[in-house]
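Below, chains carry the letters A, B, ... as their sequence lines are ordered, and counting in each starts from 1.
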Number of protein chains: 2
Amino acid sequence: MENDIAKHIKPLRLGALPEDMRLALKNAREKRGWTQRGLASRLGLTQTHISGIESGKIVPRYDTLLELVRILDSDLLMVPRALVPVVQSLIRDHARPDQGEGDDRSLYADDTDEESNKEPRDEV
Amino acid sequence: MENDIAKHIKPLRLGALPEDMRLALKNAREKRGWTQRGLASRLGLTQTHISGIESGKIVPRYDTLLELVRILDSDLLMVPRALVPVVQSLIRDHARPDQGEGDDRSLYADDTDEESNKEPRDEV
DNA sequence: GGTGTTGATATAGTTTAGTATATCAATTGG
DNA sequence: CCAATTGATATACTAAACTATATCAACACC
């Protein structure tokens, strides 16, 4: 039987962004009425690339993800473990200030900031 | 003269982690009494690599940075812009609960969690 | 039906993260 | 003084992000 199970047993590295984050990115983009092509050109990236990131085919570099996240009006912060739950609560509250204040819902909360930033007149 | 100035004018991408973050990572590592080699072997990385990241020679992938940050008892969170200042304050307060509660100090606060995880007896 | 847009995917190429190994200056400690 | 440790750095290689281009199914909309 050759016992081929897990040939190298190495790729313990994600292989894709966590689904939560991917959805948050996608939602934030769509909420702004941007297409993958539109977002890509704003950042000087390719549609292929954005698609790969959103659909979990690749895991971007830190700088790439940071640009992505920032153009979508968020940021990437390094938070001490002890504070993570609190910060996550803050984020969820910010997203839907109506819902009950639980503690482990879906995370990342797709940024309901209600600002119609249409018009991709940016060009680079 | 050929006008060679800025051949492609392209590399608008960081080229290194923000210094704040690099220092935070380095401090967190040292606070634990770990060497670059120790940390590297815990993560299955190389000392060369860690050195490159800490000294700003390279910008890691998201997954790599996440592992790094996590083994140092922090996490990487996607935070809506509107919440960034609040979260940063929380982080600073957590780091030094004595200092005055200003709003724009040095950021990232090198995780003063006071846990002596010494013992780098890892070898490889 | 036809035209256009959107997101996914294929192929082929470039760039850079990441490996493996080794060396070296600056420490530190016996 | 010598030996060991630490962080940086050099070289050569591999893996994966990222580009450029093009195609295609699904969906709209006229």
Side-chain angles (χ1 to χ4, degrees), chain A residues 7-17 19 21-69 71-72 76 118-120 124, chain B residues 6-19 21-23 25-69 71-72 76 118-124:
Chain A
K7 304 195 172 186
H8 307 84
I9 318 184
K10 237 198 175 184
L12 230 40
R13 254 192 235 128
L14 290 73
L17 291 187
E19 192 171 4
M21 185 176 279
R22 274 164 31 217
L23 286 179
L25 289 174
K26 188 178 180 189
N27 285 336
R29 173 178 62 79
E30 289 173 341
K31 197 154 291 177
R32 264 143 262 242
W34 298 348
T35 67
Q36 289 185 344
R37 283 179 175 85
L39 177 56
S41 77
R42 277 166 201 264
L43 293 173
L45 302 179
T46 59
Q47 181 262 327
T48 309
H49 197 185
I50 301 290
S51 169
I53 293 173
E54 282 187 359
S55 58
K57 297 282 180 292
I58 65 176
V59 31
R61 278 191 249 144
Y62 172 75
D63 53 357
T64 307
L65 183 59
L66 188 61
E67 286 188 45
L68 233 178
V69 151
I71 213 174
L72 295 170
L76 232 35
K118 309 275 180 181
E119 281 188 26
V124 178
Chain B
K7 305 195 173 186
H8 306 83
I9 318 182
K10 239 196 174 183
L12 230 43
R13 247 183 248 130
L14 289 74
L17 291 187
E19 191 171 5
M21 185 177 280
R22 276 167 26 219
L23 286 180
L25 289 174
K26 188 177 180 191
N27 286 336
R29 174 178 62 78
E30 288 173 342
K31 198 153 291 177
R32 263 144 262 244
W34 297 348
T35 68
Q36 289 185 344
R37 283 179 174 85
L39 176 56
S41 77
R42 277 167 202 264
L43 293 172
L45 302 179
T46 60
Q47 181 261 329
T48 309
H49 198 186
I50 301 290
S51 170
I53 292 173
E54 282 187 0
S55 57
K57 296 283 181 291
I58 65 176
V59 31
R61 279 190 247 144
Y62 171 76
D63 54 356
T64 307
L65 183 59
L66 189 60
E67 286 188 45
L68 233 177
V69 151
I71 213 175
L72 295 170
L76 233 34
K118 309 275 180 183
E119 280 191 29
R121 47 94 168 115
D122 227 303
E123 228 46 271
V124 177

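- Residue B:Gly44 is in sugar-phosphate contact alone, with no base atom involved, counting any heavy-atom pair closer than 4.0 Å across all strands shown.
- Counting to the nearest Å, the P atom of C:dT15 and the CD1 atom of B:Ile58 are 18 Å from each other.
- Rounded to an integer number of Å, the gap from CG of B:Leu39 to C1' of D:dG7 is 13 Å.
- One atom, NZ of A:Lys57, and another, P of D:dA17, lie 13 Å apart when rounded to the nearest Å.
- Following rounding to the nearest Å, B:Leu17 (CG) and C:dG18 (P) show an atom-to-atom distance of 10 Å.
- If you check every strand for non-hydrogen atoms under 4.0 Å, A:Gln47 touches a base.
- Side-chain N or O atoms of A:Ser51 include none that pairs as donor or acceptor with a backbone N or O of A:Gln47 at under 3.5 Å.
- Residue A:Ile53 contributes atom CD1, which lies 14 Å from atom C1' of C:dA8 at whole-angstrom precision.
- Following rounding to the nearest Å, B:Ile50 (CD1) and C:dT19 (C1') show an atom-to-atom distance of 13 Å.
- In this entry the distance linking CG of B:Leu65 with P of D:dA17 reads 15 Å, nearest Å.
- Contact annotation: B:Arg29 does not reach the phosphate of D:dT6 (side-chain N/O to OP1 or OP2, under 4.0 Å).
- Residues A:Trp34 and A:Ile71 are in side-chain contact: their nearest non-hydrogen atoms beyond the backbone lie under 4.5 Å apart.
- Residues B:Thr48 and B:Thr64 each lie close to DNA chain C; by heavy-atom proximity, the contact nearer the 5' end of the strand is made by B:Thr64.
- Remark: of the listed residues A:Leu45, A:Ile50, A:Thr48, A:Thr46, A:Ile50 is the sole one forming a side-chain contact (heavy atoms from CB on, under 4.5 Å) with A:Gln36.
- Looking at A:Arg22, its side chain does come within 3.5 Å of a backbone N or O of A:Glu54 through a donor-acceptor pair.
- The nucleotide whose nearest atom lies closest to any side-chain atom of A:Thr46 is, among D:dA17, D:dT9, D:dA20, D:dA20.
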Would you please test A:His49 and A:Thr64 for side-chain contact (heavy atoms from CB on, under 4.5 Å) and show each step? CA-CA 10 Å; A:His49 197 185; A:Thr64 307; 4.0 Å; yes
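- For B:Arg61 against C:dG18, a side-chain-to-base donor-acceptor contact under 3.5 Å is absent.
- Mapping B:Asp63 and B:Lys26 onto DNA chain D by nearest heavy atom places B:Lys26 at the nucleotide closer to the 5' end.
- Put simply, CD on B:Gln36 is 11 Å from P on D:dT9, counting in whole angstrom units.
- Side-chain nitrogen and oxygen atoms of B:His49 include none within less than 4.0 Å of the OP1 or OP2 phosphate oxygen of C:dA17.
- Nucleic acid contact class of B:Leu45 (heavy atoms, under 4.0 Å, all strands): sugar-phosphate only.
- Here A:Thr35 lies in heavy-atom contact (under 4.0 Å) with sugar-phosphate atoms only.
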